[in-house]
Amino acid sequence: MSQTGILKGKAAFVAGGTSGINLGIARALAEAGASVAVLSRSQEKVDGAVAELRSVGVGALGYAADVRNEEAVAAAIKAAADTMGPLDVVVSGAAGNFICPAAAMSGKGFRTVIEIDLIGTFHVMRAAFDVARKPGCSMINISAPQSTMPYWGQAHVSAAKAGVDMLTKSLAYEWGEYGIRLNAIVPGPIEGTEGMKRLSPTDEARRAVEDSVPLRRYGTISDIAEIALFLASDQSSYVTGTVIACDGGQLLAGAGLFRPPLTTRQHIR
Ligand code: COA
Ligand code: NAP
């Protein structure tokens, strides 16, 4: 990454930053010089991420907590700021996903994803507000193409991520006067991630995804980390309230992407 040092002396908190896209973002922030704290449920994943971030040569902290637990999130974010100083960058990317058609989904299943993706994001943003650098903080939420495009078996995720987009805009509108910027990133299909393992479990689904992307390839974690770095840095100091797609143009393809033929739906619970 060519951005070495642009976040030197800054403090960053990445909720869900222990694997996949979010860990890639945490690492990019660290490589740009920021101290980084991460939070997720698994202590093992937290320890692994902290070790990886420290190997970059910056200060790193980790907290095992569930974003659905408002008090635990607030305690972790306060503890991170007490050690690292006011937060300059806050990323909220914890999310849960499974394919399930709405007609087969329980209220509990729907609620679980809303509580992690949407309410969890509010918990992170709200707690971070109290310890954010004002002015100067950049908050970044990780959305998904489902926020504007229906996918088969993804009603719960669409509802949650549409909420994340509007939460991003609403908070940008309210917190602009404190000098806090908020933006969201919509990653397209990113190779080698848990999300893609769940959404394209078959070769046929993988080919359908590739065919749906105008640039005809999966994205990389680094593609997303570069956008996060831009939004985190002063290079984007007049950018707020936006939802930026980094998806190879996939959203141009429209609805109906994941609509497996009736004969191939048996593997889905
Ligand atoms: N199909 C239908 N419903 C499902 C489901 C599936 N494959 N998996 C979970 N659910 C529903 C069920 O209603 C379940 O409750 P039940 O088992 O009592 O019926 C409810 O969701 C909660 O599931 P549970 O596994 O107890 O929740 P959890 O809080 O431990 O885990 C998940 C949350 C389900 C989102 C889990 O997949 C997860 O932790 N995901 C994180 C990683 C991830 O999804 N990464 C990709 C991000 S894009
Ligand atoms: P991932 O590796 O599963 O990342 C999810 C992270 O969130 C993990 O660190 C996980 O760690 C944590 N997490 C999950 N539930 C949590 C909870 N309740 N509380 C706290 N932390 C929790 O998935 P990914 O595929 O990289 O996806 C990352 C983000 O990108 C998500 O917001 C997803 O919606 C978005 N996205 C992904 C794609 C893609 O192609 N993969 C496309 C569009 C959008 P623990 O298990 O330790 O909690």
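This one's a predicted model, so the numbers in the text were calculated from it and none came from an experiment. Counting starts at 1 for both ligands and their atoms, following the listed order.
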Report task. Between G195, S42, G17, P187, flag the one that comes closest to atom 24 (P) of ligand 2 by a heavy atom. Result -> G195
Report summary line: Tightest non-hydrogen contact, residues I180 and T240, listed as O-OG1, 4.3 Å
**Report entry** Residue selection (non-hydrogen contact nearest atom 32 (O) of ligand 2) among G93, G96, A26
**Finding:** G93
Query raised in the report: Would R68 count as a contact of ligand 1 if the rule is a heavy atom under 4.0 Å away?
Result: yes
**Report entry** Rounded distance (nearest 0.5 Å) linking atom CD of Q250 with atom OH of Y218
**Finding:** 9.0 Å
Query raised in the report: To the nearest 0.1 Å, how far is atom 39 (C) of ligand 2 from its closest protein heavy atom, and which atom is that?
Result: T193 OG1, 3.6 Å
Query raised in the report: Relative to atom 14 (C) of ligand 2, which among G120, P145, A95 owns the nearest non-hydrogen atom?
Result: A95
Report task. Give the atoms of ligand 1, by number and element, whose distance to some non-hydrogen atom of G109 is under 4.0 Å. Result -> 11 (C), 13 (O), 21 (O)
Query raised in the report: Between H156 and D117, is any pair of side-chain heavy atoms under 4.5 Å apart?
Result: no
Requested in this report: Measure I116 to ligand 2 on non-hydrogen atoms and call it side chain, backbone, both or neither using the 4.0 Å cut-off.
Outcome: side chain
Query - Option nearest atom 20 (C) of ligand 2 (shortest heavy-atom distance, choices C246, A160, A65) - result: A65
Query raised in the report: Can we say K161 and D165 salt-bridge, meaning some charged N sits less than 4.0 Å from an Asp/Glu carboxylate O?
Result: no
Report summary line: Rounding to 0.5 Å, atoms CD (E52) and CG (L23) come to a distance of 4.5 Å
**Report entry** Taking atom 40 (O) of ligand 2 as the reference point, the nearest protein heavy atom with its distance
**Finding:** I190 N, 2.9 Å
Report summary line: For atom 3 (O) of ligand 2, the closest protein heavy atom turns out to be E194 CB, 3.4 Å
Requested in this report: Could you pull out, from G48, G188, P189, the option with a heavy atom nearest to atom 42 (C) of ligand 2?
Outcome: G188
Query raised in the report: So with a 6.0 Å cut-off around CZ of F98, is the heavy-atom count from everything else above 12?
Result: yes
Requested in this report: Taking all heavy atoms of D247 and all of P187, pick out the closest pair and write down the distance.
Outcome: CB-C, 4.4 Å
**Report entry** Option nearest atom 15 (N) of ligand 2 (shortest heavy-atom distance, choices K45, Q250, Q146, R41)
**Finding:** R41
**Report entry** Atoms of ligand 2 close to M196 [distance to a heavy atom under 4.0 angstrom, numbered from 1]
**Finding:** 40 (O), 41 (N)
**Report entry** Lys/Arg-Asp/Glu bridge criterion (N-O < 4.0 Å) met for E194, K197
**Finding:** yes
Query raised in the report: Going by heavy atoms, is T112 under 4.0 Å from ligand 1?
Result: yes
Report task. Using heavy-atom distances, let me know which of G20, A49, S19 sits nearest atom 1 (P) of ligand 2. Result -> S19
**Report entry** For atom 18 (N) of ligand 2, closest protein heavy-atom neighbour
**Finding:** D66 OD1, 2.9 Å
